Every structure is written in C-alpha cells, then in structure tokens.
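All of these numbers come straight from a predicted model, not from anything done at the bench.
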Amino acid sequence: MADCCDGPGPRTDPDVSEPAGATTEPFAECVLCRKPTEYPESRKGVTLCPVCEWQEAQRTSCSG
C-alpha cells in the first residue's frame, strides 16, 4: 500500500533538453527591475520579467 505522502514515481518521459526551435541566445533584462525575462535579447519592444508583467497587467486592468 502506497503512503499518501509518497511523491510520484520516477519520470519515464523521454529526455527532452530543449524544445524544437529554441535558441541559446541570452535572455533580455526586465526594463523595470533588470531581472532576466523569458524573452531573448533580440526581441523588440519592452521586455518585462513575469513578476513585473503581472503587476503591469494589474495596474492597467484597474485603470478606468
């Protein structure tokens, strides 16, 4: 009988190190806090980290 606190068993998925089309380009910095974003440096426009992106969405959704 398995204990309810036991985690799942070992992964049996095939080893996938990078998704198809992924680049090894460095990540861009967030324009507000300078933390790394999930976007490559070559991306045009304002790049925000996930936290600042979420906060910006909260600010714009509340403005009337």
Side-chain angles (χ1 to χ4, degrees):
M1 180 173 177
D3 187 11
C4 66
C5 296
D6 289 342
R11 288 186 62 172
T12 58
D13 299 341
D15 182 28
V16 178
S17 56
E18 284 190 28
T23 63
T24 57
E25 185 176 352
F27 293 112
E29 285 185 347
C30 176
V31 297
L32 299 176
C33 69
R34 301 184 57 107
K35 290 184 180 176
T37 66
E38 49 194 29
Y39 304 109
E41 284 185 343
S42 63
R43 182 172 191 254
K44 300 200 184 297
V46 176
T47 54
L48 299 173
C49 70
V51 173
C52 291
E53 201 169 86
W54 181 81
Q55 290 173 344
E56 186 66 22
Q58 292 294 319
R59 282 193 286 274
T60 59
S61 69
C62 294
S63 60

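Within the 4.5 Å cutoff, the side chain of Thr37 has no heavy atoms near those of the Leu48 side chain.
When all heavy atoms of Pro36 and Cys49 are compared, the closest pair comes out as O-CB, 3.9 Å. Across every non-hydrogen atom of Ser42 and Glu25, the tightest pair is N-OE2, 2.8 Å. The two residues Arg43 and Val46 come nearest to each other via the heavy atoms NH1-O, 3.5 Å. The minimum heavy-atom distance linking Glu41 with Phe27 is given by the pair CG-O, 3.6 Å.
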